[in-house]
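Below is one structure, written out as structure tokens, with a few remarks after it.
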Number of protein chains: 2
Amino acid sequence: MATEQLRIPKATAKRLPLYYRFLQNLYQSGKLRVSSAELSEAVKVDSATIRRDFSYFGALGKKGYGYNVQYLLNFFRKTLDQDALTKVALIGVGNLGTALLRYNFTKNNNTKICYAFDTNESKIGTQISDVTVYSLDQLEEILNKEEIQVVILTVPAQAAQSVTDRLVKTRVKGILNFTPARLNVPSSINVHHIDLAVELQSFVYFIKNYSNESEDTEEVEENEKTRI
Amino acid sequence: MATEQLRIPKATAKRLPLYYRFLQNLYQSGKLRVSSAELSEAVKVDSATIRRDFSYFGALGKKGYGYNVQYLLNFFRKTLDQDALTKVALIGVGNLGTALLRYNFTKNNNTKICYAFDTNESKIGTQISDVTVYSLDQLEEILNKEEIQVVILTVPAQAAQSVTDRLVKTRVKGILNFTPARLNVPSSINVHHIDLAVELQSFVYFIKNYSNESEDTEEVEENEKTRI
């Protein structure tokens, strides 16, 4: 049961990297076990959800003991496919694009931005953190040749849909959209939107109305409620 | 009931700006009503959650009709306190900080980055999108004088905790943390972590394992499950 690779729910799958990263830190600091309460505090996911997630991994916490850090790490490493490097392309080398290129993604995982694209002649042919910036004219050619499945979109909002329309005709299956634009795509393509304005507004609203309360408690309550 | 301002759950509160923004677009394009299925598709929140959220707003959708867009917009505008400008400070004017300063946050809401801080002498005193960059030495002085409650943290990871330790002594109640560092703060301060490496890894894992499936369907299933 514990070694069998089960198909885990998508909502759980999305939390895997978060758990993985935190457990790596724990392991490096010499901790052998961790309670769901500690994990909850650290990764900001309520402990009921953590316990349910972990049950899919065949990891059953023991009362007064918690979870075995090494076991979880081995499971996550295998599941997240840490040995296979996933090549990602980034489109739009402005400030945000440059920040992402300089961000050391590979420190914690095997996902790497390997190709960058821009329309600015002064940027084309330059390198940022070892990644060459190509002309947007070469987009389809390179994506298809390298079989890129995931792209990060950091172009100006007004260019987002036209670039997306081009991506639809490649092998790309996923777009991590950092632009404020909402993208129209066929159902074969998944878009994950990181909308910074919404993140900021939402957080400000939260602070103005719910400060001096932990961000977690009510999530738990809400979960309890939905379980009834 | 509909006009009464109810205290809504935090998890719902966090989704408000997302709904608000999408409904603004709908309203501008002349749409008078919207179904929870349409909303679900657009904002990527499952429709069961949308219906539950909206019930807190006193907005009850009618079968075959949907929700009244104007009513929802009025409610959101009032709730999100669109008339009161919230001033936010940004710490760390690197690529990501500059990208956030250039991002037109005020287009859709009344949250504005008004102060920026950095340690780089060549940046101090310059302006980016009308925001002056101050020396980090002036951090406490300006935050306290301007009664800033929310800051955006875009400093290098190794500086994140030391800057946070200084913020703890100001009136700041919320930190939007874009660094990879996990911050230690007292319970009086809320941290919202936007961890770009985790976002990317999680999305790549999702695409590799669940592509050609909609991102929504299983969330709904999981919600149904927890309700049993």
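Numbered from 1 within each chain, the chains take letters A, B, ... in sequence-line order.
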Distance (rounded to the nearest 0.5 Å) between [X] [atom1] and [Y] [atom2]:
X: B/Leu200; Y: A/Leu100; atom1: CG; atom2: CG; value: 8.5 Å
X: B/Leu196; Y: A/Ile194; atom1: CG; atom2: CD1; value: 6.0 Å
X: A/Leu176; Y: B/Ile207; atom1: CG; atom2: CD1; value: 9.5 Å
X: B/Asn95; Y: A/Leu96; atom1: CG; atom2: CG; value: 9.0 Å

Contacts of B/Thr119 that satisfy side-chain contact (heavy atoms from CB on, under 4.5 Å) - sequence neighbours left out: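 Once residues adjacent in sequence are excluded, the partners of B/Thr119 under the side-chain contact (heavy atoms from CB on, under 4.5 Å) criterion are B/Leu136.
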
For B/Val133, check side-chain contact (heavy atoms from CB on, under 4.5 Å) against everything at least two apart and list the hits. B/Val93, B/Ala116, B/Asp118, B/Lys123, B/Thr126, B/Ile128

